[in-house]
Protein chains: 2
Amino acid sequence: MAILVSSVDVAKLAGVSQATVSRVMNNPEKVNAETFTKVNAAIQELNYRPNAAARSLISRKSGIVALLCGPLEDPDNAEFSARSIAYAQEKGFITEIHIQDPTQPGTVFEAISRSQAEGILVGPITPVGTGIASLKNSGIPFVFCGADQHGEHRFVSLDNAASGKLAADYLNNLSHTVVGWVGGGRNESHHGTRYRGFLETAKSQGMKICSAAGAYSDFDGVLSAMMARKDRPTAIAAATDALAAQAIDFLIAYGYSIPEDMSVLGIGNSPQSAMNYLSLTTIGLPPDRDIFKEAVTELLALIHGDFPNHSFNERIEPELFIRNSSAPNQK
Amino acid sequence: MAILVSSVDVAKLAGVSQATVSRVMNNPEKVNAETFTKVNAAIQELNYRPNAAARSLISRKSGIVALLCGPLEDPDNAEFSARSIAYAQEKGFITEIHIQDPTQPGTVFEAISRSQAEGILVGPITPVGTGIASLKNSGIPFVFCGADQHGEHRFVSLDNAASGKLAADYLNNLSHTVVGWVGGGRNESHHGTRYRGFLETAKSQGMKICSAAGAYSDFDGVLSAMMARKDRPTAIAAATDALAAQAIDFLIAYGYSIPEDMSVLGIGNSPQSAMNYLSLTTIGLPPDRDIFKEAVTELLALIHGDFPNHSFNERIEPELFIRNSSAPNQK
DNA sequence: CTGTTAGCGCATTCAT
DNA sequence: ATGAATGCGCTAACAG
């Protein structure tokens, strides 16, 4: 923010009042043609740029929306921000990003509550009660997108519990009776919800579950422990496609063939999962649903004061995308 | 930005002057203990948050750095922003992102020049002369990271020309004489530089080059055209790992085995390339170099007014990472 | 059509 | 230690 020249400087050089400079910037039609060119010349000469802070101090609008999500190294977070930013920018908003530190999930809420943002888009995060309360108290409108929603807030998301159920049902249909789960240890709310949906259904069908509290950091150790068991699983379901991909990476390194030796199932239907070198069977949104666009649209409507009272609770039924990482149990 | 309550409101409730409220926020040690608690109580009660716009209007500091890069669907851009944002946030800065629309590469520079940002980090983009000039004129300090640098600006980047040369040399050593190139048609400056380095070296070694102006959108058509030739290549080099991965995806779909039928080589040494299901031979930075951290550090030093005159021109020698997507030519 | 005036919310003198 | 006054750069009445 290097403001070297103010509208007063321009006014002096152009020999007009500061208000006229302001008019040239905002209401050009309400100013005489020759003064307009005169002022514009001064603007060019001094390379004048209006101070955004002063503007928003008056208008109470910053033109900024805030994004809140986990580290962008996680492909789910990357996709969330990529898509949301694109839509917001399309609508004329600048986006500022706040990354939640998994080791201190609470701190980010303070900064975001103090920000100049006109609205907040909450992506996949580790929920913190006081943090959500802080958001609410800030008075800034917010919408959840992708993560599970806690409390009575607006949200749009894949039905995570149903996705877990679908994963269990699918593996059960393939006759897998001992199955692993990867991702249960992560704090993101939607991971847990997916796991609970999976666990519940799998248990009700008499399947045996090896759960692994897998973080990205110690993935190999976690999966080693799972596969070292005498009754090792014949299939692994993961909370996300990225975790499923990591599982495949591990299994290849340890000599397994996919899907002959092991079936692997993801959740998310990420672009990556469709690539032929991965070809991951996964569970995700119907292709015609774009939750990122829907979330941004809702948030901007809130910012503009439209439909302040209409409800926005979109929990979307998942679909199964069968590819080459899964097969019937051979044993 | 929903400011419901100002420092004046707090002052009234606490029975003090507005200046005292300000002191409580910024110089707590310079205020009596009991007035401090009294004011704090009022702050809590009214849920007061200082207005960031008013603050930066006075201090001329926004605590914001701007990022400029291409669409985050490109993994290179995603990595750039992921890493940069993390470092900036670590240092107490909020990051706002500006995405360059490849179809209108010039427009983004206007918005970014007007932003409140204290500094700009320029990532992989399509360079536009007037845009760069606009950045310079804004008076906001900026640093290039990853992309090729144009003019006498501060930058840190892989040596893109040398990377292209290294790619050609490596394929030549593997006895490939007819080789394809993917990515030459993209506008990002570093893609072009990689291509020129590749082309020059390949030609000097008598190799035959099939260049494909590949965009992400019509990738299949472009690669089909290349592989339909009678003298189809035995190896393909790509401007980025992501393009190389797409090439592999295509080749698998068309029945090729990697590397038996075709060698594929990327540039970037992305995290993805090391995964066993891809195992992409690639060219990238030495593992001990972190250009994102270096760029952010340099930018913050500029913002803080440190070393205003020291040079920052880091063009880094590439390394070769041999994995399983490449093999000697069998023909 | 243009100039004058009055704040937006806050930090910072200067008095007291 | 605290209050009154000033101004950051700008927009929005209000006069003329």
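Chain letters run A, B, ... following the sequence lines, proteins first, then strands; residues in each count from 1.
Here A:R114 pairs with A:E110 under the salt bridge (charged side-chain N to carboxylate O under 4.0 Å, His left out) rule; sequence neighbours left out. Residues that satisfy the salt bridge (charged side-chain N to carboxylate O under 4.0 Å, His left out) test with B:E45, not counting sequence neighbours, are absent from this structure. Applying the salt bridge (charged side-chain N to carboxylate O under 4.0 Å, His left out) criterion to A:E96, with sequence neighbours excluded, gives no partner residue. Checked against side-chain contact (heavy atoms from CB on, under 4.5 Å), B:R289 has the following partners two or more places apart in sequence or in another chain: B:P286, B:E294, B:E314, B:I316. With sequence neighbours excluded, the residues forming a side-chain contact (heavy atoms from CB on, under 4.5 Å) with B:A19 are B:S17, B:R23, listed by chain and number.
Listed by residue number, the members of residues 10-23 of chain B with any heavy atom below 4.0 angstrom from DNA chain C are B:Q18, B:A19, B:S22, B:R23. Within residues 32-41 of chain A, the residues approached by DNA chain C to less than 4.0 Å at the level of any non-hydrogen atom are A:N32, A:T35, in residue-number order.
Nucleotide D:dA12 holds its P atom 13 Å from the CE atom of A:M25, rounded to whole Å. Atom-to-atom, CG of A:L57 to P of C:dA6 comes out at 18 Å; the value is rounded to the nearest Å. Between B:N27 atom CG and C:dC10 atom P the separation is 15 Å, expressed in whole Å. Rounded to whole Å, atom P of D:dC10 lies 16 Å from atom CG of B:N51. Atom CD of B:Q116 and atom P of D:dC10 are 12 Å apart (whole Å).
Looking only at distances, no side-chain donor or acceptor of B:N47 sits under 3.5 Å from a matching main-chain atom of B:Q44.
Between B:R55 and A:A54, it is A:A54 whose nearest contact on DNA chain C lies nearer the 5' terminus. Mapping B:I58 and B:K30 onto DNA chain D via the closest heavy atom, the residue that lands nearer the 5' end is B:K30.
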Quiz: residues 33-40 of chain A side-chain donor-acceptor pairs under 3.5 angstrom, not counting sequence neighbours:
from: A:T35; atom 1: OG1; to: A:N32; atom 2: O; distance (Å): 2.8
from: A:T37; atom 1: OG1; to: A:A33; atom 2: O; distance (Å): 3.3
from: A:T37; atom 1: OG1; to: A:E34; atom 2: O; distance (Å): 2.8

Counting only pairs under 3.5 Å, give me each side-chain donor-acceptor contact of residues 119-137 of chain B, with atom names and distances, residues two or more places apart or in other chains.
from: B:S134; atom 1: OG; to: B:S113; atom 2: OG; distance (Å): 2.9
from: B:N137; atom 1: ND2; to: B:A133; atom 2: O; distance (Å): 3.4

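When each of C:dT2, C:dC10, C:dC8 is scored by its nearest atom to the side-chain atoms of B:Y48, the top-ranked nucleotide is C:dC10.
One finds a salt bridge joining A:E298 and A:R154 here, because a Lys/Arg side-chain nitrogen approaches an Asp/Glu carboxylate oxygen to under 4.0 Å.
Taking side-chain N and O atoms only, A:N26 has a distance below 4.0 Å to OP1 or OP2 of D:dT11.
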